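Since we're looking at a predicted model, the values are computed, not measured. Residue numbers run from 1 in the order of the sequence given.
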Amino acid sequence: MRVGLYPGTFDPITLGHTDIIRRGCALVDRLVIGIAINTGKNPMFSLAERVAMVEAECARLTEETGTEIVAHPFENLLIDCAHDVGAQIIIRGLRAVTDFEYEYQMVGMNRAMDDSVETVFLMAEAKYQAIASKLVKEIARLGGDVSKFVNPSVKDQLLAKIG
């Protein structure tokens, strides 16, 4: 069984994330969505809220793709998380060339720790390339419409969180 790991903070999960998840499903039999606990990033949503949002979005994608998709919170090294879930592939989404430099460095470090785990980069579809969770939260805070960037249920949770 080919197992992939798609890690991120998912604070909140966006249409860009779901695009990468959908396309990542074509590469693996089981896709684990690694939700970084990462309190250093000071997430807007609690870990439980982020896990619930990811699970809700992935339930629809599992039906659509036929691929098993599961949420898995983690706070250890990414390569250790890959070992924990049995992943042979780490899937990373790229929005722009600026993402590549950081990601390239991460791949080098992960391969130095374990070269049996491959990293695959998927470019976000053009219509999703500008979407970043940080920007979505800022738009929502300032009263803008985020419906082009997140699914309706995520939008509702985001607006409820902002008050």
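- In this structure, Ile90 is not a member of the same hydrophobic cluster as Leu31, with clusters built from ILVMFWY side-chain heavy atoms closer than 4.5 Å.
- To the nearest 0.5 angstrom, Glu68 atom CD is 9.5 Å from Asp29 atom CG.
- Distance check: Tyr6 OH to Leu27 CG gives 13.0 Å after rounding to the nearest 0.5 Å.
- For the side-chain contact (heavy atoms from CB on, under 4.5 Å) with Ile91, the lone residue among Ile20, Val32, Thr119 that qualifies is Ile20.
- Tracing side-chain contacts under 4.5 Å through hydrophobic residues (I, L, V, M, F, W, Y), one reaches Val54 starting from Val146; they form part of the same cluster.
- In this structure, Ser133 and Asp11 approach most closely via the heavy-atom pair CB-O, 3.4 Å.
- Ile21 approaches Ile69 most closely through the heavy-atom pair CG2-CD1, 4.0 Å.
- The side-chain hydrogen bond (donor to acceptor under 3.5 Å, both in side chains) check on Asn110 picks up nothing, with sequence neighbours excluded.
- One finds the CG atom of Asp145 at 4.5 Å from the NZ atom of Lys155 (value rounded to the nearest 0.5 Å).
- With a 6.0 Å radius and a threshold of 12 heavy atoms from other residues, nucleotides or ligands, Glu64 has its CD atom above the threshold.
- When all heavy atoms are compared, the tightest approach of Val28 to Gly4 is CG1-N, 3.6 Å.
- Side-chain heavy atoms closer than 4.5 Å link hydrophobic residues (I, L, V, M, F, W, Y) into clusters, and following such links, possibly through other members, connects Ile37 to Ile35.
- Remark: His83 pairs with Asp114 by the side-chain hydrogen bond (donor to acceptor under 3.5 Å, both in side chains) rule, at least two apart or across chains.
- Sequence neighbours left out, the pairs with a member in residues 112-163 that pass ring-ring contact (aromatic ring centres under 6.0 Å, His included) are Phe100-Phe121.
- The nearest pair of heavy atoms linking Val51 to Pro73 is CG2-CG, 3.7 Å.
- Residue Thr65 comes nearest to Cys25 through the heavy atom pair OG1-SG, 3.7 Å, listed as atom of the first residue, atom of the second, then distance.
- Legend: residues meeting side-chain hydrogen bond (donor to acceptor under 3.5 Å, both in side chains) with Glu55, ordered by chain and number and at least two apart, are absent.
- In Glu75, the CD atom is not crowded: 12 or fewer heavy atoms of neighbouring residues, nucleotides or ligands sit closer than 6.0 Å.
- There is no path of hydrophobic side-chain contacts, each under 4.5 Å, that joins Met106 to Met123.
- For the atom pair NZ of Lys148 and CG of Leu15, the computed distance is 12.0 Å after rounding to the nearest 0.5 Å.
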Distance-only donor-acceptor hits, side chain of residues 156-163, under 3.5 Å, sequence neighbours excluded:
residue: Gln157; atom: NE2; partner: Ser153; partner atom: O; Å: 3.2
residue: Lys161; atom: NZ; partner: Glu49; partner atom: OE1; Å: 2.9
residue: Lys161; atom: NZ; partner: Glu49; partner atom: OE2; Å: 3.0

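- Residue pairs satisfying the ring-ring contact (aromatic ring centres under 6.0 Å, His included) criterion with at least one member in residues 12-35, sequence neighbours excluded, are listed as follows: Phe10-His17.
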For this session: Take Val120 and Arg92, measure what side-chain contact (heavy atoms from CB on, under 4.5 Å) needs, and give me the verdict at the end.
Result: CA-CA 6 Å; Val120 175; Arg92 300 295 292 172; over 6 Å; no
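- Counting all heavy atoms, side chain and backbone alike, Val154 lies closest to Pro12 at CG1-CB, 3.7 Å.
- If you chain together hydrophobic residues whose side chains sit under 4.5 Å apart, Ile89 and Val85 never meet in one group.
- Atom CE of Met109 has 12 or fewer heavy atoms from other residues, nucleotides or ligands within 6.0 Å.
- The CE atom of Met53 sits 11.5 Å away from atom CG of Asn151, with the distance rounded to the nearest 0.5 Å.
- Residues Arg2 and Arg30 have side chains not in contact (no heavy-atom distance under 4.5 Å, counting atoms from C-beta outward).
- With Met44 as the partner, the side-chain contact (heavy atoms from CB on, under 4.5 Å) test is satisfied by one option alone out of Lys134, Arg50, Arg141: Arg141.
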Exercise. Where do Gln88 and Val3 land on the side-chain contact (heavy atoms from CB on, under 4.5 Å) test, with the steps shown first?
Worked result: CA-CA 6 Å; Gln88 304 90 10; Val3 178; 3.9 Å; yes
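- Side-chain atoms of Val70 and Ile33, non-hydrogen and from C-beta on, never get closer than 4.5 Å to each other.
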For this session: Decide side-chain contact (heavy atoms from CB on, under 4.5 Å) for Thr18 and Leu61; before the verdict, give the C-alpha distance in whole Å, the side-chain angles of both, and the deciding distance to 0.1 Å.
Result: CA-CA 8 Å; Thr18 56; Leu61 292 171; 4.1 Å; yes
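- Of the inter-residue distances, the one linking Thr14 atom OG1 with Lys137 atom NZ reads 11.0 Å to the nearest 0.5 angstrom.
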